[in-house]
Amino acid sequence: MKGLILAGGKGTRLRPLTINTPKPIVPVANSPFLLYQIDLMKSGGIEEVILSLSYQPRKIEDLLKDGMDYGTHIRYAVEGTPLGTGGAFKNAEEWIDSTTVVFNGDVLTSISLGAVIAEHRKRGAIATLVLTPVENPSAYGLVETSPDGWVKRFVEKPGPDEITCNTINAGIYVLEPSVLRYMPKGEAYSFERGLFPALLENKEPVLSYVLDKYWIDIGTPQKYLEVHHDILAGKFTSTRVARSLLDRGSLPAGVVIDEKSIIDEGVTIRGGVRIENSVIGRNCKIDEGAQIIDSVIWSGNTIDAEARVIRSIVGKGCYIGRSATLKAGVVLGDKSVVTDYSVL
Ligand code: GDD
Ligand code: MG
């Protein structure tokens with residue numbers, strides 16, 4: 001068994017956060033995102049993972065190296081120009097010599113991978129697609145199945161008149177190496193628009209596995225905030241979720257921090273600060289009377305006195321001036337400066 005993680009997209013919908021930090025390693029509850037996926041691969045018995053990269057590969061390689069620190073073995077398949085999801089898989093062909101589990105590099109789930117692999121084998125599928133129900137499939141790949149679970153139709157980003165069911169592609173596949181013969185080499189190719197429709201057209205056995213566990217694509221600021229709120233509410237649990245390292249015994253007067261917020265090491269908190277339902281990265285400085293509510297704050301930020309950050313995301317090393325207000329939905333890129341008293 002092999003694992004391959006598609007982690008080469010540019011993460012445009014998460015800009016400006018992804019200008020300096022590629023989406024696969026944006027922090028989720030203060031841990032690089034890919035570590036959650038590597039853990040998941042390990043839970044399914046996969047200890048050799050191919051990381052398929054294109055955008056800012058060095059940053060990812062420098063962090064994860066050969067994988068030893070995370071109890072796995074990582075190989076890198078880097079594309080000069082992005083080849084699309086299928087092209088990226090084909091690009092790693094030389095290492096794909098057995099059944100391979102593929103993840104989109106931006107989905108977080110508590111799937112039981114072992115159960116999916118077992119079902120794939122039992123039913124003799126060439127490909128098994130994990131599906132999850134969503135309210136509105138339009139931003140995803142819609143997958144229609146027959147009552148016995150075989151996939152009938154795959155429509156990527158369906159238009160309003162193409163929405164015939166609520167199950168979508170969760171971006172997790174079990175693939176036999178024989179699918180490679182349907183895929184062109186060295187050119188852009190898509191799993192969703194190319195391979196899956198081609199397999200169905202050729203009457204290949206494509207199975208579905210409907211997930212009834214937590215699942216989210218973290219690829220937009222709204223979803224990125226949502227995953228943090230879900231983690232803080234206990235809807236998703238993992239040993240990767242950083243513990244709060246706040247020393248409550250040494251807090252100055254008037255500080256109110258709820259139990260669920262996660263505060264990393266080296267964070268300075270001054271008197272009268274209020275923090276609620278938020279995640280704060282290491283070495284931030286939060287000055288007198290500042291408020292951080294429902295927000296995600298990366299490392300090395302200074303939030304000056306009486307500033308308010310509400311339902312917002314703050315990248316690394318920003319300065320938020322005295323009495324400034326960030327209201328719902330603000331996303332600040334690294335090193336942003338918000339002048340005193342500004343309202344965003
Ligand atoms: N190596 C490589 N090369 N990776 C790529 C490339 C590429 O050219 N293009 C995209 N990827 C990676 C992205 O980094 C991401 O992890 C994954 O492939 C999927 O790309 P997204 O851009 O996030 O796609 P999406 O979210 O719009 O849609 C996909 O995911 C949905 C589930 O979240 C599709 O697979 C949908 O069918 C699916 O429902
Ligand atoms: Mg995505």
Side-chain angles (χ1 to χ4, degrees), residues 1-9 24 34 36-38 40-46 48-53 77 83-93 95-134 137 140-145 149-157 167-183 189-202 204-213 215-217 219:
M1 288 286 300
K2 292 272 166 71
L4 182 141
I5 302 178
L6 292 166
L34 272 183
Y36 293 90
Q37 294 203 319
I38 287 169
L40 202 56
M41 289 269 180
K42 276 169 39 184
S43 75
I46 297 161
E48 190 180 326
V49 179
I50 303 159
L51 282 189
S52 169
L53 308 181
L83 291 172
T85 47
F89 184 76
K90 184 77 175 177
N91 186 47
E93 182 166 27
W95 296 320
I96 296 168
D97 48 10
S98 58
T99 308
T100 301
V101 174
V102 177
F103 287 168
N104 280 354
D106 60 358
V107 297
L108 183 69
T109 173
S110 22
I111 193 173
S112 158
L113 213 47
V116 184
I117 296 164
E119 194 63 15
H120 171 85
R121 295 224 155 104
K122 192 174 109 198
R123 305 279 296 269
I126 192 171
T128 296
L129 316 187
V130 175
L131 312 186
T132 186
V134 293
Y140 303 100
L142 175 130
V143 186
E144 261 179 46
T145 59
W150 296 104
V151 172
K152 287 187 352 204
R153 192 160 156 259
F154 192 112
V155 191
E156 184 64 15
K157 310 284 188 298
T167 40
I168 59 119
N169 167 25
I172 299 171
Y173 321 119
V174 185
L175 302 178
E176 290 306 316
S178 55
V179 300
L180 285 161
R181 68 170 187 268
Y182 285 97
M183 310 175 74
Y189 190 67
S190 158
F191 273 146
E192 297 85 349
R193 297 176 199 275
L195 178 70
F196 301 144
L199 292 176
L200 295 172
E201 216 164 277
N202 286 279
E204 293 280 13
V206 181
L207 189 66
S208 66
Y209 183 100
V210 182
L211 192 63
D212 59 355
K213 301 264 172 58
W215 179 90
I216 195 168
D217 174 335

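All of these numbers come straight from a predicted model, not from anything done at the bench.
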Let me confirm one number: the [atom1]-[atom2] distance from [X] to [Y], rounded to the nearest 0.5 Å.
X: Lys42; Y: Glu48; atom1: NZ; atom2: CD; answer: 14.5 Å
X: Asn169; Y: Tyr140; atom1: CG; atom2: OH; answer: 11.0 Å
X: Ile46; Y: Ile117; atom1: CD1; atom2: CD1; answer: 4.5 Å
X: Met41; Y: Met1; atom1: CE; atom2: CE; answer: 8.5 Å
X: Lys152; Y: Leu200; atom1: NZ; atom2: CG; answer: 11.0 Å
X: Leu108; Y: Phe103; atom1: CG; atom2: CZ; answer: 10.0 Å

Does the [X] side chain pair with the main chain of [Y], one donor and one acceptor, at a distance under 3.5 Å?
X: Thr100; Y: Ser98; result: yes
X: Trp95; Y: Ile50; result: no
X: Asp217; Y: Gly219; result: yes

Min side-chain heavy-atom separation [X]-[Y] under 4.5 Å:
X: Phe89; Y: Ser52; result: no
X: Pro205; Y: Arg123; result: no
X: Leu113; Y: Ile172; result: yes
X: Trp215; Y: Val107; result: yes

Review point. Where do Val151 and Leu131 land on the side chain to side chain contact (heavy atoms under 4.5 Å, CB included) test, with the steps shown first?
Key: CA-CA 10 Å; Val151 172; Leu131 312 186; 5.6 Å; no
Check your understanding: Which of parallel (below 30°), tilted (30 to 60°) and perpendicular (above 60°) describes Phe196 and Phe191?
Key ->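 Aromatic pair Phe196/Phe191 classed parallel.
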Review point. Any luck finding a side-chain donor-acceptor pair between Ser178 and Glu176 under 3.5 Å?
Key: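 No donor-acceptor contact under 3.5 Å links the two side chains.
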Review point. Excluding sequence neighbours, so at least two apart, what forms side-chain hydrogen bond (donor to acceptor under 3.5 Å, both in side chains) with Thr128?
Key: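 Expected list: His120.
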Exercise for review: Give the C-alpha distance, both sets of side-chain angles, the deciding distance and a yes or no for side chain to side chain contact (heavy atoms under 4.5 Å, CB included) between Lys2 and Leu4.
Suggested key: CA-CA 7 Å; Lys2 292 272 166 71; Leu4 182 141; over 6 Å; no
So, for [X] and [Y], which heavy atoms are closest and what is the spacing to 0.1 Å?
X: Thr85; Y: Leu6; result: O-CD2, 3.5 Å
X: Ala115; Y: Tyr209; result: CB-OH, 3.5 Å
X: Pro133; Y: Leu211; result: CD-O, 3.8 Å
X: Tyr189; Y: Leu195; result: OH-N, 3.1 Å
X: Gln37; Y: Asn104; result: NE2-O, 2.9 Å
X: Gly105; Y: Ile5; result: CA-CG2, 3.8 Å

Practice item. Evaluate the criterion side chain to side chain contact (heavy atoms under 4.5 Å, CB included) for residue pair Leu34 and Leu51; output intermediate values, then yes/no. Key: CA-CA 10 Å; Leu34 272 183; Leu51 282 189; 3.9 Å; yes
Exercise for review: Might you work through the side chain to side chain contact (heavy atoms under 4.5 Å, CB included) test for Leu129 and Phe154, ending with a clear yes or no?
Suggested key: CA-CA 10 Å; Leu129 316 187; Phe154 192 112; 3.8 Å; yes
